Amino acid sequence: MTKNFYVTTAIDYVNARPHIGHAFEKVLADALVRWHKAKGEKTWFLTGTDENAQKNARAAKEQGIPVKKFVDSNSKIFVELCKKLNVDYDRFIKTTEKEHKLNSQKIFKEIYDNGDIYKGEYEGLYCVGCEAFKTEKDLIDGKCPEHDIKPEWISEEAYFFKLSKYKDKLLKFIDSYIIPEQRKNEIVSRLKNEPLKDLCVSRTNLDWGIDSPIDKNFKIYVWFDALINYISGAEGNWPVDVHVIGKGINWFHSVIWPSILISADYDLPKKLLVHGYLNFQGKKISKSLGNVIDPIELVNKYGSDSVRYSLLRCSVFDDSDFSEELLKKRNNELADKLGNLILRISALAEKYGITKPVITLTLDDERKRLLRGSKLKIEVLDKKKNEYILRPKEGEGLKIEFGEVFPLILSYPSQFLEATISLIEKYLDNYEFDKALDEIFKFIDFCNGYTQEIRVWEHTEADRKILYQLIESIRKINPYLGIFIPETAKKIERIFKTDKIKKSEVLFKKI
RNA sequence: AGCGGGGUAGAGCAGUCUGGAGUGCUCGCGGGGCCCAUAACCCCGAGGUCGUGUGGUUCAAAUCCCACCCCCGCUACCA
């Protein structure tokens with residue numbers, strides 16, 4: 001039995017409601033899974049919530065709710081988010097699950113038995129109010145911002161993981177692991193330029209979390225157990241093919257996680273896809289700035305596909321801006337370009353009928369010459385790799401004389417489609433979903449322009465054949481659309497299922 | 001501070017590796033066209049000293065080299 005293509009997202013803290021960044025990550029991972037499904041692969045998609053953190057315990061106490069009850073009810077909101085966004089996971093893991101706890105302890109013990117966990121002294125700034133160690137960055141004017149007191153420098157017994165010994169192995173592994181290049185370079189330069197210290201993997205004096213299997217006085221450091229969720233939720237599909245994470249937790253997934261796996265003698269994950277953050281007017285989205293966007297509300301207001309589309313239009317790797325205004329703009333894009341095309345084409349097809357053209361063509365040299373000579377331009381994609389694409393010539397539209405060039409026009413949408421699809425697939429394989437989506441919409445634009453310039457509504461014999469070509473093209477590109485906007489793709493599929501086409505409903509309402 | 005990314009039309013971006021008239025895309029703005037369609041769709045136009053040095057190399061620089069300015073990211077227990 002071969003294992004399924006295994007994709008994960010980060011698991012989310014449940015101390016607050018999901019924000020738009022959570023939605024972004026889940027939708028990215030979902031699109032990746034849908035792409036692999038479209039390629040005919042079997043997939044396994046894991047997402048979930050991280051519930052053992054002290055932060056959750058603290059948030060629950062503040063609200064006067066038992067911790068378990070608190071994390072359960074908040075976890076449900078993340079499940080709801082996935083459902084609303086059509087994020088089609090196979091398994092939703094909660095790290096308070098018994099199985100996961102046992103699994104974390106098992107792996108902790110294995111590493112201990114291998115001699116990679118040892119007892120030492122942890123030194124650091126400790127805030128009595130938080131009952132937690134603080135870093136310099138957590139402090140404002142040297143004080144804990146929550147309790148307004150200076151933390152004390154204390155040292156206590158703790159267990160450490162021998163992270164330092166994996167430096168060379170990591171450098172080798174990382175080379176083919178982290179995507180994109182920029183994020184890889186960050187980690188590589190840190191590994192090369194800074195000493196790699198051992199990692200404290202225990203916490204003491206906590207009443208929430210997973211007990212250390214080797215010393216009852218300690219809990220397992222929450223990061224350690226959180227990472228292990230990927231194994232707990234694998235169900236026979238280990239190793240992970242793609243971890244989808246945000247840039248903020250790159251170090252944990254690039255350095256700590258592989259080290260744990262090497263130490264515990266597990267196969268390593270294949271790829272780490274590090275995405276950027278969504279900002280609001282160039283600023284970080286945060287509660288204190290009051291610019292948190294609730295994705296569930298957005299879906300209720302605008303529909304799943306509009307939200308998915310506007311998220312997937314954002315750059316995968318770089319930070320990008322996001323706002324409700326932008327979402328509205330994107331929604332209108334869907335209505336004007338895609339919605340309009342489907343409606344006008346289906347209306348024309350109902351009114352005049354379609355005829356399957358009998359002429360099939362390939363692009364021989366003569367036709368290539370014609371293409372170059374008249375209404376198309378050849379755009380350079382990558383000079384090095386000798387990749388080109390055919391596009392309508394700017395400023396000329398497609399006013400082609402009928403007659404001997406007619407077979408050429410007739411085959412043109414499918415020729416163009418072929419080039420577009422190979423591009424889309426290239427981008428999808430490179431995790432550049434935004435670019436893939438852009439190509440799809442360039443093709444939608446093309447179809448609108450083509451319809452216009454050929455004046456398909458004049459319903460000649462030729463128009464009926466051209467209409468057929470257009471519909472064939474839509475049918476062929478639709479599965480790619482389904483990766484991004486599955487609900488709409490299903491509707492489009494239904495509309496063009498037979499050759500007896502009825503005028504479609506409005507797919508997207510303009511806002 | 002160190003390392004990395006970036007500064008191109010009102011906004012957001014390609015283009016830079018491999019130099020060839022500021023070429024292009026999306027949005028916004030102005031004008032026109034079409035009438036199949038959701039005031040949609042199509043075409044044309046305005047708008048740029050390509051961060052600065054009126055720096056170097058070159059017949060030729062957004063692109064290569066140098067200096068400087070500005071923005072952003074990463075810098076480990078923040079899950």
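Because the structure is predicted, anything quoted here is derived from the model rather than measured. Proteins get letters first, then strands, A, B, ... in listed order; numbering begins at 1 in each.
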Taking atom [atom2] of [N] as reference, at what distance in whole Å does atom [atom1] of [X] sit?
X        : N     : atom1 : atom2 : value
A/Phe160 : B/A76 : CZ    : C1'   : 13 Å
A/Asp318 : B/G73 : CG    : C1'   : 10 Å
A/Leu191 : B/C3  : CG    : C1'   : 13 Å
A/Lys167 : B/A76 : NZ    : P     : 15 Å
A/Ile501 : B/C36 : CD1   : P     : 19 Å
A/Asn340 : B/C35 : CG    : P     : 16 Å
A/Lys351 : B/C35 : NZ    : C1'   : 10 Å
A/Asn332 : B/U38 : CG    : C1'   : 10 Å

Quantified in whole Å, what is the [atom1] atom distance between nucleotide [N] and nucleotide [M]?
N     : M     : atom1 : value
B/U58 : B/C65 : P     : 16 Å
B/A62 : B/G19 : P     : 14 Å
B/G53 : B/A61 : C1'   : 15 Å
B/G47 : B/C27 : C1'   : 14 Å
B/C50 : B/A21 : C1'   : 14 Å
B/C34 : B/C71 : C1'   : 46 Å
B/G48 : B/G22 : P     : 14 Å
B/C59 : B/U49 : P     : 28 Å

Task: Toward the 5' end of RNA chain B, by each residue's nearest nucleotide, A/Ile245 or A/Leu196 - done: A/Leu196

Open item on the list: Heavy-atom nearest nucleotide on RNA chain B for A/Asp336 versus A/Arg455: which residue maps closer to 5'?
Closed with: A/Arg455

Open item on the list: Working to the nearest 0.5 angstrom, can you tell me the gap between A/Asp116 CG and A/Phe108 CZ?
Closed with: 11.5 Å

Task: Spacing of A/Tyr427 atom OH and A/Leu437 atom CG [to the nearest 0.5 Å] - done: 12.5 Å

Nearest to the side chain of [X] - [options]?
X        : options             : value
A/Trp457 : B/A76, B/C36, B/C77 : B/C36
A/Phe252 : B/C36, B/C78, B/U75 : B/C78
A/Ser189 : B/C77, B/C3, B/U38  : B/C3
A/Lys337 : B/G33, B/C27, B/C78 : B/C27
A/Asp319 : B/C36, B/U38, B/G73 : B/G73
A/Glu453 : B/C42, B/C36, B/C78 : B/C42
A/Tyr221 : B/C3, B/C78, B/C74  : B/C78
A/Arg190 : B/C36, B/U38, B/U75 : B/U75
A/Gln452 : B/C41, B/G73, B/C77 : B/C41

Minimum side-chain heavy-atom gap [X]-[Y] below 4.5 Å:
X        : Y        : result
A/Phe173 : A/Tyr166 : no
A/Ile179 : A/Val274 : no
A/Leu163 : A/Ile260 : no

Determine the contact category for [X]: base if any of its heavy atoms lies under 4.0 Å from a base atom, sugar-phosphate if only primed atoms, P, OP1 or OP2 are that close, otherwise nothing.
X        : result
A/Asn331 : nothing
A/Ala226 : base
A/Phe508 : base
A/Ile256 : nothing
A/Asn448 : sugar-phosphate
A/Leu507 : base
A/Val456 : nothing
A/Phe441 : nothing
A/Lys197 : base

Task: side chain to side chain contact (heavy atoms under 4.5 Å, CB included) partner of A/Lys510, chosen from A/Asn331, A/Asn340, A/Leu334, A/Asn332 - done: A/Asn332

Open item on the list: Suppose we call two aromatic rings close when their centres sit under 6.0 Å apart. Are A/Trp457 and A/Tyr352 close by that rule?
Closed with: no

Open item on the list: Can you tell me if A/Lys76 has over 12 outside heavy atoms packed within less than 6.0 Å of its NZ?
Closed with: no

Counting only Watson-Crick or G-U wobble pairs whose two distances fall under 3.5 Å, which nucleotide matches [N]?
N     : value
B/G20 : B/C59
B/U52 : B/A67
B/C25 : B/G12
B/A46 : none
B/G73 : B/C3

Open item on the list: Please determine whether a side-chain nitrogen of the Lys or Arg among A/Asp319 and A/Lys247 lies less than 4.0 Å from a carboxylate oxygen of the Asp or Glu.
Closed with: yes

Open item on the list: Between A/Asp499 and A/Arg475, does any side-chain N to carboxylate O distance fall below 4.0 Å?
Closed with: yes

Task: Test log, rule side chain to side chain donor-acceptor pair (under 3.5 Å), inputs A/Thr95 and A/His100 - done: CA-CA 6 Å; A/Thr95 56; A/His100 169 73; 5.0 Å; no

Open item on the list: Under 4.0 Å, heavy atom to any atom of RNA chain B: which of residues 175-187 of chain A qualify?
Closed with: A/Gln182, A/Arg183, A/Glu186

